[in-house]
Amino acid sequence: MIFTALLALTYVVLIARQLRSLGDGGEQAAGAAPRRTVWLAARFGQMPEAVPVDRRRARAESDAVQLLVRGELSQSGYLAAMAELAARDAVEHPLDVPTSR
């Protein structure tokens, strides 16, 4: 029981520290980025712009998962469907890998 209490206390402390580090303790100006975001951007560069969600592709993936779960699609059929979706995605949205520094 003591171990469980110590474990719970550890979780509470870690969660509190994480929440505090994410928000700058309420001291940041409206619209300003949190310290961690600024540090990550300085270290790794800005995040790329978000790509709009392709609802058709998401629906096709969702349908394949549902068919697999219901047993109406074999594992190999599911893998083939996902490979086809990945191939289409690779053509439409090629991965841009940054060069090493």
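We count residues from 1, following the sequence as given. Just so it is clear, the structure is predicted and the values come from calculations on it, not from any experiment.
- If you take CG on D63 and CD on E72, they are separated by 11.0 Å, rounding to the nearest 0.5 Å.
- Taking CG of L73 as the reference point, atom CG of L79 lies at 9.0 Å (rounded to 0.5 Å).
- Side-chain heavy atoms closer than 4.5 Å link hydrophobic residues (I, L, V, M, F, W, Y) into clusters, and following such links, possibly through other members, connects L67 to V69.
- The salt bridge (charged side-chain N to carboxylate O under 4.0 Å, His left out) search around R57 returns D54, D89, E92, not counting sequence neighbours.
- Distance check, rounded to the nearest 0.5 Å: CZ of R88 to CZ of R56 gives 8.5 Å.
- Of the possible polar contacts, one joining the T10 side chain to the L6 backbone as a donor-acceptor pair under 3.5 Å is found.
- Residues A60 and L85 approach most closely at CB-CD2, 4.1 Å, considering heavy atoms.
- Within a 6.0 Å sphere centred on CZ of R70, other residues, nucleotides and ligands contribute more than 12 heavy atoms.
- Between R55 and R59, every side-chain heavy-atom pair lies at or beyond the 4.5 Å cut-off.
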